[in-house]
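Keep in mind that what you see is a predicted model, and the values were worked out from it rather than measured. Atoms considered below: every heavy atom in the structure, side chains included; atoms not considered: hydrogens, waters and symmetry mates.
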Amino acid sequence: MSDLGRYFEEFTPGEEIVHSLSKTIFESDNNLFSLITMNHHPVHTNVDYASKQQHGKILVVGTLVFSLVVGITVPDISGKAIANLDYEYVKHLAPVFIGDTIYAKSTVLDCRESKSKEDRGIIYVETEAYNQNGDKVMSFRRHVLIKKKND
């Protein structure tokens, strides 16, 4: 049995969870993600092009930031998940650049029993991501189907 994550009963509405994981985004991360997702926009991959745009440097792909932040939350939110049911209100709040370090915190908005199966429940959480300067760069909400404890 895995110690990763928490059971449904271990979540409390209003609880704030500061995630212990963080990640500095390297050029190689952004390049590989651009390649495997076929996002070849030059603002993500071309220094000369990006230098002439609004921010003057390479922007990290937004969906890389999203994927990274979801991963940062796994040990605390979805480690015992049966499924992530949805993602909503994904907001890109500020640009992320090569060399930025991403941190996250989540707030439990609601917890409810499953209507169809007694061995699980659904939590509703909002996650906010920050860079090394404390600037909020992303937020999103999701519903996660979580196992209950087997007492």
Side-chain angles (χ1 to χ4, degrees), residues 1-39 41 43-45 54-55 57-151:
M1 185 175 298
S2 171
D3 288 334
L4 185 65
R6 298 158 66 178
Y7 291 102
F8 172 73
E9 297 89 344
E10 298 173 317
F11 291 94
T12 305
E15 172 186 11
E16 184 176 278
I17 301 163
V18 177
H19 303 289
S20 60
L21 297 179
S22 60
K23 170 79 168 88
T24 300
I25 300 176
F26 299 105
E27 184 177 18
S28 57
D29 299 323
N30 192 58
N31 287 344
L32 180 59
F33 196 86
S34 293
L35 288 170
I36 63 175
T37 60
M38 298 181 65
N39 184 342
H41 193 289
V43 78
H44 304 304
T45 60
Q54 177 179 346
H55 299 291
K57 56 185 172 179
I58 295 282
L59 289 174
V60 173
V61 178
T63 48
L64 167 56
V65 178
F66 175 71
S67 297
L68 174 62
V69 176
V70 170
I72 286 172
T73 71
V74 167
D76 305 308
I77 301 293
S78 59
K80 293 200 180 338
I82 296 165
N84 285 298
L85 300 176
D86 63 35
Y87 293 95
E88 59 183 29
Y89 305 115
V90 178
K91 297 177 184 175
H92 299 274
L93 303 170
V96 174
F97 303 106
I98 304 299
D100 281 352
T101 301
I102 303 300
Y103 302 89
K105 69 178 180 179
S106 296
T107 302
V108 180
L109 302 175
D110 190 34
C111 301
R112 69 174 176 85
E113 306 279 334
S114 169
K115 293 176 182 169
S116 59
K117 297 192 178 183
E118 293 182 10
D119 66 339
R120 58 197 71 183
I122 297 169
I123 64 166
Y124 183 43
V125 296
E126 179 172 42
T127 299
E128 298 175 324
Y130 299 85
N131 67 16
Q132 67 280 357
N133 301 317
D135 301 324
K136 195 184 304 185
V137 298
M138 175 173 281
S139 68
F140 58 89
R141 293 180 176 193
R142 64 180 162 152
H143 290 91
V144 186
L145 187 63
I146 307 276
K147 296 177 190 178
K148 286 186 177 179
K149 289 182 183 177
N150 294 329
D151 291 331

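Side-chain contact check for N131 versus F97: every heavy-atom pair is 4.5 Å or farther apart. Side-chain atoms of F8 and E113, non-hydrogen and from C-beta on, do get closer than 4.5 Å to each other. Counting heavy atoms from C-beta outward, V65 and H92 have side chains that stay 4.5 Å or more apart. With contacts defined as side-chain heavy-atom distances shorter than 4.5 Å, the pair V137/L93 does not qualify. In this structure, the side chains of I58 and E27 stay at 4.5 Å or more apart for every pair of heavy atoms. In this structure the side chain of H44 never reaches within 4.5 angstrom of the side chain of L64, judged on heavy atoms. A 4.5 Å side-chain heavy-atom check between S139 and Y89 finds every atom pair outside the cut-off. By the 4.5 Å heavy-atom criterion applied to side chains, L145 and H143 are not counted as neighbours.
For the atom pair D110 CG and Y124 OH, the distance stands at 9.0 Å (nearest 0.5 Å). Taken from CG in L68 to OG1 in T63, the straight-line distance is 11.5 Å, to the nearest 0.5 Å. The distance from atom NZ of K105 to atom CD1 of I17, rounded to the nearest 0.5 Å, is 12.0 Å.
A donor-acceptor pair is defined here as one N or O able to donate and one able to accept, closer than 3.5 Å; no such pair exists between the side chain of D76 and the backbone of T73. For K136 (side chain) and A129 (main-chain N/O), no donor-acceptor pair under 3.5 Å exists by modelled atom type. Side chain of N30 to main chain of V61: a donor-acceptor pair is present (N/O by atom type, distance under 3.5 Å, no hydrogens or angles). Between the side chain of N133 and the backbone N or O of D135, no donor-acceptor pair lies under 3.5 Å. With D100 contributing its side chain and I102 its backbone, the two residues share no donor-acceptor pair below 3.5 Å. Looking at T12, its side chain never comes within 3.5 Å of a backbone N or O of E15 through a donor-acceptor pair. Of the possible polar contacts, one joining the S114 side chain to the S116 backbone as a donor-acceptor pair under 3.5 Å is found.
Summarising the geometry of C111 relative to I123, their closest heavy-atom pair is SG-CG2, 4.0 Å, with the distance given to 0.1 Å. Minimum interatomic distance between T24 and D29 (heavy atoms only, all atoms of both residues): O-OD2, 3.7 Å. Across A104 and T127, no two heavy atoms sit closer than the pair CB-CG2, 4.2 Å. Shortest non-hydrogen contact noted between I146 and I77 is CD1-O, 3.4 Å. Summarising the geometry of V144 relative to N84, their closest heavy-atom pair is CG2-OD1, 3.4 Å, with the distance given to 0.1 Å. The minimum heavy-atom distance between F140 and V70, with the atom names listed, is CZ-CG2, 3.8 Å.
Of the options R141, H19, R142, a side chain to side chain donor-acceptor pair (under 3.5 Å) to S106 is made by H19 and by none of the others.
More than 12 heavy atoms of other shown residues, nucleotides or ligands fall within 6.0 angstrom of atom NZ in K148. The environment of Q54 atom CD is sparse: at most 12 non-hydrogen atoms of other residues, nucleotides or ligands sit within 6.0 angstrom.
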**Prompt:** Is there a side chain to side chain contact (heavy atoms under 4.5 Å, CB included) between V60 and F33 once you walk through the steps?
**Reply:** CA-CA 9 Å; V60 173; F33 196 86; over 6 Å; no
